[in-house]
Amino acid sequence: MGDAFSAVMGSIRFMETEARTAATKQWSENPAGINHAAAPEGTPEFYEQMTRSRYALQPWLPDLLRSWVPAGGRVLEIGCGAGTDHSVIAGIARETAAIDLASRGARLTQKRLELEGRPGIAQVADAEDMPFPDQSFDGVYSFGVLHHTDHPERVVEEMWRVMRPGATFMVALYHKHSMFAAQKAIEYIVRFRWRSQTWRDFLAELEYGAADLVQRPLVRLYSRQAARNLFARFHDVRVRTEHPALSGYLLSDRLRPFGWYVVVTGRR
Ligand SMILES: C[S@@+](CC[C@H](N)C(=O)[O-])C[C@H]1O[C@@H](n2cnc3c(N)ncnc32)[C@H](O)[C@@H]1O
């Protein structure tokens, strides 16, 4: 009985760290967006190129972000990657903090803050166990991160803990009922990828560079309802979908309900 119990506990612990190990490797090698920059890493031109390509692909994002950032407040970004959105946030908020599992992303974000003369700190930390005191932020932002971690619900608990009463959040997750997910599912079937790969491994290939990895990052998809349920304990929870993209092209606004991102906002 004792042995069986430790075997199960051992495997649970392994499962718990699996996604985080894969995420660290994936985004240490390829912080999101750096493949769109040709200039030497860490230079102003490098950041400029990443910014240009990100907001050309997601033209709806800068305004949405600016309309959300609590001006004059203290804002945390979870999973900052190379710091493109963080730069927008840091230009509005009084003070910022950023965390990422991958040290290369945290370093790139820190460098960008320094180049732009902003007071924020970017550091390596796990969103499921954040190194911040209770009720220390007026806003929490996270784009494309919670669906890659083992326990998104723990991240949400941590968000609640570090947010002040009345603080707001904006979180973007991948959308299950999107044209992009449908395109991937069709590809998985008609290209017979199911013969050699699990859906999970196939889907992970949408992350740049992941196809070359043995242990691929975890990618979950959320329906609007599932995204809403994740934040059930918050107030004024609103869910919208954005980026009606198919093969990287922005389509008509009428297809927005089938966009690739579920954007959730709310208040503690
Ligand atoms: C797809 S990238 C998105 C980066 C950035 N938010 C963006 O939109 O460009 C996902 C990021 O989340 C980070 N990440 C994944 N799981 C995490 C966790 N448990 N704690 C902190 N960061 C995490 C990864 O290291 C990676 O930088």
Side-chain angles (χ1 to χ4, degrees), residues 15-37 46-47 49-58 60-62 64-65 68 75-90 96-110 112 121-132 140-159 162 169-175 180 203-210 213 215-222 230 242-243 245 260-264:
M15 290 296 287
E16 277 183 359
T17 56
E18 191 186 7
R20 278 171 280 177
T21 308
T24 307
K25 186 156 171 50
Q26 160 71 24
W27 285 289
S28 294
E29 288 181 15
N30 298 294
I34 67 161
N35 53 314
H36 293 290
F46 166 83
Y47 291 112
Q49 289 169 1
M50 270 199 315
T51 303
R52 228 179 298 125
S53 83
R54 179 172 181 84
Y55 299 140
L57 280 170
Q58 271 130 221
W60 47 273
L61 184 52
L64 188 63
L65 195 48
W68 167 78
V75 178
L76 166 68
E77 180 173 1
I78 298 172
C80 54
T84 307
D85 291 349
H86 202 72
S87 163
V88 176
I89 297 169
T96 64
I99 62 165
D100 202 290
L101 270 183
S103 58
R104 193 160 155 210
R107 259 202 321 275
L108 283 169
T109 300
Q110 184 66 49
R112 182 158 191 168
I121 302 276
Q123 60 183 294
V124 174
D126 183 357
E128 295 189 20
D129 184 15
M130 296 201 259
F132 303 110
V140 175
Y141 173 73
S142 187
F143 191 100
V145 178
L146 271 66
H147 46 235
H148 295 306
T149 198
D150 297 284
H151 305 102
E153 65 291 344
R154 265 192 216 161
V155 180
V156 175
E157 283 305 302
E158 279 291 86
M159 285 174 59
V162 302
F169 72 84
M170 184 156 100
V171 169
L173 303 163
Y174 290 155
H175 185 203
F180 186 69
L203 199 57
E205 288 182 8
L206 67 88
E207 304 299 334
Y208 178 78
L213 298 177
Q215 193 182 5
R216 296 180 179 176
L218 171 65
V219 175
R220 290 174 213 267
L221 303 178
Y222 282 84
L230 189 60
E242 286 290 351
H243 190 207
W260 177 226
Y261 295 102
V262 185
V263 181
V264 192

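What you see is a predicted model, and the numbers here were worked out from it, not measured in a lab. Whatever order the structure lists them in is the order used to number ligands and atoms, beginning at 1.
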Show every donor-acceptor pair shorter than 3.5 Å between a side-chain atom in residues 24-35 and any protein atom, with sequence neighbours excluded, or say none if there are none.
unit_1, atom_1, unit_2, atom_2, d
T24, OG1, R20, O, 2.6
K25, NZ, E29, OE2, 2.6
Q26, NE2, Y208, O, 2.8
S28, OG, T24, O, 2.5

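- Atoms CD and OG1, on E128 and T149 in that order, are 3.5 Å from each other to the nearest 0.5 Å.
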So H147 and L221, side chain to side chain contact (heavy atoms under 4.5 Å, CB included) or not? Walk me through it. CA-CA 7 Å; H147 46 235; L221 303 178; over 6 Å; no
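- A perpendicular orientation is assigned to the rings of H148 and Y174, their planes being inclined by more than 60° (bins at 30° and 60°).
- Checking each of Y141, F132, F169 against L76 for a side-chain contact (heavy atoms from CB on, under 4.5 Å) leaves exactly one that passes, namely F132.
- A distance limit of 4.0 angstrom between heavy atoms and ligand 1 selects the residues R20, A23, W27, A32, R54, E77, G79, C80, G81, D100, L101, A102, A125, D126, A127, F143, G144, V145, H148, T149, E207.
- Not a single donor-acceptor pair under 3.5 Å links the side chain of E242 to the backbone N or O of Y261.
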